[in-house]
J.: 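The structure under discussion is supplied below as structure tokens; questions concerning it will follow.
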Amino acid sequence: VLLSPIWFFLEGPAGVVGFVIFAGIGGLVALGGITGLMTAAAFELSLLSAPDSTALGGTAVLLLQLVPKKPLNINGAKLTVYAEEWAEYNAGTASRTYTERIYEQVQSLEMPRILQGPYQVELKVAIPATLPPTFNGTHNKLRTMACFDLDIDRWPDLHLDQELTVRPE
């Protein structure tokens with residue numbers, strides 16, 4: 001009796017379409033969760049770490065550590081470093097967020113074709129002197145991110161993010 005309004009929408013052709021849409025959305029959500037679990041299940045450890053801070057015009061040295069649970073065939077890897085401005089403002093009762101990339105550098109990385117056992121490497125990233133330093137305000141931020149992407153053959157790809165703190169010289 002309490003569910004009668006819901007059953008109203010499940011009757012007839014409109015109900016079939018509604019059910020297909022509802023089931024499709026649920027399936028996509030479940031598939032995304034399964035993909036994330038599969039990627040996590042491929043590694044005992046996957047970590048991208050950065051130093052406490054790096055000066056403008058300096059070099060950030062990132063430490064990448066990977067320990068796969070089984071040998072994995074690697075198609076390629078890349079490191080993307082970008083700086084972005086983030087701003088939040090209110091328009092009436094709604095809150096809006098604005099982001100804009102102000103710098104981006106993508107570099108391909110040399111990786112073993114088959115990743116097995118512990119793998120550790122230092123990745124060096126030049127921080128241009130023209131970038132603004134890291135800033136965290138109430139409604140505005142300037143941040144620099146390092147993103148590592150590993151293309152794994154016949155397996156969900158691995159994506160790791162690390163925020164970099166950039167200080168004035």
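FYI, the numbering just counts along the sequence from 1. None of these values were measured; they are calculated from a predicted model.
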J.: Hey, is the main chain of Val166 close enough, under 3.5 Å, to the side chain of Thr134 for a donor-acceptor pair?
T.: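 Checked: pair present.
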
J.: Would a hydrophobic clustering, with Ile, Leu, Val, Met, Phe, Trp and Tyr connected at side-chain separations under 4.5 Å, put Leu79 with Val121?
T.: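 Looking at the clustering, Val121 is in the same group as Leu79.
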
J.: Nearest 0.5 Å, what's the CG-CZ distance between Asp153 and Arg113?
T.: 6.0 Å

J.: Rounded to the nearest 0.5 Å, what separation is found between the CG atom of Leu56 and the OG1 atom of Thr130?
T.: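 So the gap between those two atoms works out to 8.5 Å.
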
J.: Locate the shortest heavy-atom distance separating Thr97 from Trp86; write the atom from each residue and the value.
T.: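 Scanning both residues completely, I find the closest heavy atoms to be CG2-NE1, 3.1 Å.
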
J.: What's the separation between atom NZ in Lys78 and atom OG1 in Thr80, rounded to the nearest 0.5 Å?
T.: 4.5 Å

J.: Go through Leu63 and Leu123 one step at a time and tell me if the side-chain contact (heavy atoms from CB on, under 4.5 Å) criterion holds.
T.: CA-CA 6 Å; Leu63 180 62; Leu123 306 172; over 6 Å; no

J.: Does a side-chain heavy-atom distance below 4.5 Å link Leu62 with Leu48?
T.: yes

J.: Apply side-chain contact (heavy atoms from CB on, under 4.5 Å) to Leu47 and Leu64, showing your working.
T.: CA-CA 6 Å; Leu47 179 68; Leu64 173 66; over 6 Å; no

J.: Nearest 0.5 Å, what's the CZ-CG distance between Phe148 and Leu109?
T.: 6.0 Å

J.: Take Asp149 and Leu158, measure what side-chain contact (heavy atoms from CB on, under 4.5 Å) needs, and give me the verdict at the end.
T.: CA-CA 6 Å; Asp149 291 296; Leu158 177 66; over 6 Å; no

J.: What heavy-atom pair brings Leu142 and Pro133 nearest, and what distance separates the two atoms?
T.: CB-O, 3.8 Å

J.: For Met111 and Ala77, which heavy atoms make the closest approach, and how far apart are they?
T.: CG-CB, 3.4 Å

J.: Any side-chain donor-acceptor pair under 3.5 Å between His159 and Asp161?
T.: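 The criterion, which ignores hydrogens and geometry beyond distance, is satisfied for Asp161 and His159.
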
J.: Do Ile74 and Val67 belong to the same hydrophobic cluster, where Ile, Leu, Val, Met, Phe, Trp and Tyr are linked whenever their side-chain heavy atoms lie under 4.5 Å apart, directly or via other members?
T.: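 Not linked; separate clusters.
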
J.: Looking at Arg101, I'd like to know if its CZ atom is crowded, meaning that more than 12 non-hydrogen atoms belonging to other residues, nucleotides or ligands lie closer than 6.0 Å.
T.: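 Counting other residues, nucleotides and ligands, CZ of Arg101 exceeds 12 neighbours.
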
J.: If you link I, L, V, M, F, W and Y whenever their side-chain heavy atoms are under 4.5 Å apart, who else ends up in the same group as Met145?
T.: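 Tyr82, listed by chain and number.
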
J.: Enter the distance from Leu66:CG to Leu150:CG here, rounded to the nearest 0.5 Å.
T.: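 Here the rounded value is 6.5 Å.
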
J.: Work out which heavy atom in Ala126 is nearest to a heavy atom in Gln105; give both atom names and the distance.
T.: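 What the structure gives for the nearest pair is O-OE1, 3.9 Å.
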
J.: Quick check for you: to the nearest 0.5 Å, what is the distance between Phe43 atom CZ and Lys69 atom NZ?
T.: 10.5 Å

J.: What are the two closest non-hydrogen atoms of Pro68 and Gln116, and how far apart are they?
T.: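 Closest approach of Pro68 to Gln116: CG-CA, 4.0 Å.
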
J.: Can Arg143 and Glu84 be counted as an ion pair, charged N to O under 4.0 angstrom?
T.: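 Yes, Arg143 and Glu84 are salt-bridged.
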
